[in-house]
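One structure below.
Hydrogens, waters and symmetry mates are skipped; everything else that's a heavy atom, side chains included, is used. Start at 1 with the first residue, then count along the sequence.
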Amino acid sequence: MVQKRSFYTVCVLAALCAASGSPSFAQAAPPSNAHTGGTLRLAAQNSGGTLDPQVSYISLIKELETPVYDGLLAFPKFAGSTAQPVIANLAEAVPQPEDEGRTYRFTLRPNLHFSNGQVVNVEDVAASFRRLFKVGSPTAGPYYSHIVGAEACLHDPAHCTLAGGIETDPATRTITFHLTQPDAEFLDRLAWFHAAILPASTPPHDTGNTAPPGTGPYRVTRYDPATGMVLERNPYFREWAHDAQPAGYVDAIQVTFGLDPEGEVTAIENGQYDWMYEDVPLDRLGEVGSRYAGQVQIYTLLLYYYAALNVRMPPFNSLKARQALNYAINRHAMVIYHGGAAVATPLCQLLPQGAPGYAPSCAYTKGASPAHPLPQWQAPDLEEARKLMRESGTAGQKVTIIAPLEGRYAAMTMELRSTLASLGYEASVRSMTQTVQFPYVQNSDNHVQIALTGWNADYPSASTFLQTLFACASFRPHSDNSPNMSAFCSPEIDTLMNKASAAALSGPTESMQRWAQADRALMAQAPAVPLVQIKRVSLLSKRTRNAIVTLNDEILLSQLQVR
């Protein structure tokens with residue numbers, strides 16, 4: 001499928017405030033004097049929860065497990081404008097669609113092994129896709145429901161067979177997928193993390209603190225969510241496609257949990273750690289930008305922060321209450337909390353800049369409305385916000401914000417609380433670690449009114465924002481894996497999104513226009529309050545080299561070298 005891809009930047013800056021954000025597409029290649037061996041030492045404030053690659057939706061775990069698991073396809077593991085589209089990984093080639101886009105035929109590479117020594121076969125592939133439904137993977141419905149038999153699996157996961165949807169032939173090592181209808185993004189979805197191929201014997205439930213065997217260059221050998229994690233070389237790995245899954249440089253990767261971001265920065269400056277998962281804290285940006293510029297990476301992702309509003313609970317079951325909060329929020333303050341205009345941009349819509357289908361539109365700013373949006377956010381419109389609040393009749397109600405404890409969430413949370421109070425709500429905050437907060441706010445049984453969270457594209461597509469977060473099928477009551485945290489469902493907007501997705505089969509232009517239309521339609525219903533789009537500011541140690549950053553995998557930990 002031809003798509004407009006987002007721009008992508010990798011910068012090393014003399015001063016962070018001088019960041020320009022202009023695109024740079026220099027492809028990173030391993031240095032001629034590449035160094036192998038040693039231990040890469042990483043730090044993170046908290047663990048990422050489950051290690052199950054078909055269940056986890058925390059970016060830390062995805063980043064750590066990218067060199068552990070593989071799918072049939074992959075996004076290339078190198079930086080630059082040519083790092084799209086998908087390429088063959090465990091499969092020998094990217095197939096051409098058959099039967100008018102309803103059939104895809106793959107051939108599995110020979111002599112592949114899992115980290116337990118077991119040979120990878122076609123039944124492992126078929127079982128892995130059945131398991132997606134059995135374990136309740138967050139993307140089973142949004143991404144794989146077009147496989148024949150998937151509808152039955154969604155209604156009865158425990159007995160999922162995908163009958164008629166996947167055929168295997170061990171003699172020819174072929175796996176054939178049959179779809180109920182063409183899916184322009186099916187190949188992208190086969191490259192997504194949840195489509196990892198696991199042994200057929202993997203239990204049909206969340207494996208939690210145990211990482212199933214994978215096929216990548218590393219394997220998880222120790223995991224304690226309270227203290228840390230260790231990855232060591234997979235003794236059965238032999239590189240089959242460097243661009244899809246390159247061999248790693250270091251012998252081991254050690255991750256320590258529990259340091260706060262301030263401590264992480266100091267430890268990296270002192271050479272005790274090589275990389276920190278969290279962004280550099282605001283009060284340290286100037287320091288690292290001036291004294292450690294050669295160790296700083298700034299890169300743009302399809303990443304933003306937003307407040308999900310539960311449209312099925314008071315007060316945000318009122319459209320006017322949702323719209324009032326969108327008008328009242330000070331997005332300029334959110335930019336400041338993330339380091340200023342060099343590394344953050346106010347966001348007023350549900351498709352971020354750079355996403356396919358993005359068309360600048362702000363319905364909730366001074367001088368704008370859903371019927372007459374402006375191209376950019378200008379300032380809060382408190383007069384309109386208070387008018388809508390009076391009309392909503394919700395003033396005085398109690399509202400609890402459920403927010404993560406980590407990093408800059410605290411400042412964003414206080415801004416959100418202050419705005420709610422200014423509108424007349426009795427607002428309070430309940431904070432918890434992100435590992436706990438993320439599944440908690442997804443589960444409808446917890447009756448969350450408003451959740452502060454962030455979202456990073458699974459792959460460059462409008463659907464990974466609009467459909468994943470707001471389609472009817474993405475809301476799964478009573479489940480910790482329900483990315484539609486707003487519990488929003490509009491059959492009319494679903495139809496718009498489905499038409500946008502289908503239009504991509506015949507070319508990008510109409511599809512992009514339809515996605516932009518869906519974005520505006522969603523914002524008119526205001527199921528969320530988009531706040532700010534950011535760049536990552538990452539700090540590496542002096543002894544670390546060969547940092548390669550990609551749009552889909554961020555920093556490739558397997559490609560870092562230590563001296």
Side-chain angles (χ1 to χ4, degrees), residues 21 302-309 311 315-338 340-341 344-395 399 412 415-416 418-425 450 452 454-455 462 465-466 469-470 486 488 490 492-493 496-497 500 512-534:
L302 297 179
L303 168 66
Y304 65 67
Y305 293 99
Y306 71 105
L309 308 179
V311 303
F316 299 117
N317 57 347
S318 164
L319 171 60
K320 290 185 177 181
R322 302 195 301 270
Q323 292 177 327
L325 184 54
N326 266 284
Y327 271 118
I329 198 72
N330 187 343
R331 292 177 171 88
H332 176 66
M334 298 296 179
V335 169
I336 293 174
Y337 298 146
H338 285 276
T345 305
L347 189 68
C348 196
Q349 58 193 104
L350 296 170
L351 277 181
Q353 182 178 357
Y358 169 81
S361 174
C362 185
Y364 303 105
T365 187
K366 201 165 187 64
S369 68
H372 302 286
L374 291 177
Q376 295 178 329
W377 184 83
Q378 304 292 330
D381 190 337
L382 295 178
E383 182 180 350
E384 181 65 18
R386 288 168 182 151
K387 172 179 174 292
L388 288 166
M389 276 298 298
R390 291 192 297 271
E391 294 173 354
S392 75
T394 62
V399 178
M412 288 193 292
E415 183 70 30
L416 191 56
S418 175
T419 303
L420 287 165
S422 73
L423 290 174
Y425 292 115
I450 178 170
L452 186 60
W455 196 258
F465 289 98
L466 304 189
L469 297 180
F470 302 107
S486 301
F488 180 80
S490 166
E492 294 79 13
I493 295 179
L496 281 178
M497 294 190 289
M512 300 304 151
Q513 292 171 347
R514 289 183 179 274
W515 281 121
Q517 181 185 4
D519 189 16
R520 291 191 296 271
L522 276 166
M523 280 311 301
Q525 293 300 311
V529 184
L531 300 171
V532 61
Q533 182 175 358
I534 71 163

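- By the 30° and 60° cut-offs, the orientation of the rings of Y305 relative to H338 is parallel.
- Taking CD1 of I329 as the reference point, atom CG of L382 lies at 10.0 Å (rounded to 0.5 Å).
- Side-chain atoms of S418 never come within 3.5 Å of backbone atoms of E415 as a donor-acceptor pair (strictly under, hydrogens ignored).
- Using a 4.5 Å heavy-atom cutoff, the side chains of Y364 and P370 are in contact.
- In this pair, Y304 and F465 present their aromatic rings parallel. The plane angle is below 30°, not in the 30 to 60° band.
- Taking CG of L319 as the start and CG of L388 as the end, the distance is 8.5 Å to the nearest 0.5 Å.
- The two residues N326 and A528 make their nearest non-hydrogen contact at ND2-O, 3.1 Å.
- Counting heavy atoms from C-beta outward, W515 and P356 have side chains that stay 4.5 Å or more apart.
- Among all heavy-atom pairs drawn from K320 and E391, the shortest one is NZ-OE1, 3.0 Å.
- What you find for A324 and M389 is that their closest heavy atoms are CB-CG, 3.7 Å.
- Considering all non-hydrogen atoms of both residues, S486 and P527 come closest at OG-O, 2.7 Å.
- In terms of modelled atom types and a separation under 3.5 Å, the side chain of D519 and the main chain of P352 share no donor-acceptor contact.
- With hydrogens and angles ignored, the 3.5 Å screen pairs no side-chain donor or acceptor of S361 with any backbone N or O of P375.
- A distance-only check finds a donor-acceptor pair linking the side chain of Q533 to the backbone of Q353 [under 3.5 Å].
- Formation of a donor-acceptor pair under 3.5 Å by the T365 side chain with backbone atoms of Q378 is found in this model.
- A side-chain donor-acceptor contact under 3.5 Å links S392 to the backbone of T394.
- Atom CG of residue L496 and atom OG of residue S490 lie 8.0 Å apart, to the nearest 0.5 angstrom.
- Here L466 contributes atom CG and I493 contributes atom CD1; the two are 9.5 Å apart, rounded to the nearest 0.5 Å.
- Of the possible polar contacts, one joining the Q323 side chain to the A524 backbone as a donor-acceptor pair under 3.5 Å is found.
- No side-chain donor-acceptor contact under 3.5 Å links R520 to the backbone of Q349.
- A salt bridge does not link E383 to K387: none of the charged nitrogens lies less than 4.0 Å from a carboxylate oxygen.
- Residues L416 and V529 have side chains not in contact (no heavy-atom distance under 4.5 Å, counting atoms from C-beta outward).
- At a threshold of 4.5 Å between non-hydrogen side-chain atoms, the residues R331 and P530 count as touching.
- With rounding to the nearest 0.5 angstrom, the CG atom of L309 is 11.0 Å from the CG atom of N317.
- In this structure, the side chains of N330 and W377 come closer than 4.5 Å at one or more pairs of heavy atoms.
- Closest heavy-atom contact between A344 and V532: CB-CG2, 3.7 Å.
- Rounding to the nearest 0.5 Å gives a distance of 8.5 Å between OG of S369 and CD of E384.
- Here the side chain of Y306 pairs no donor or acceptor atom with the backbone of L347 at under 3.5 angstrom.
- Taking both residues in full, the closest heavy atoms of Y327 and A385 are given as CB-CB, 3.9 Å, listed atom of the first, atom of the second, then distance.
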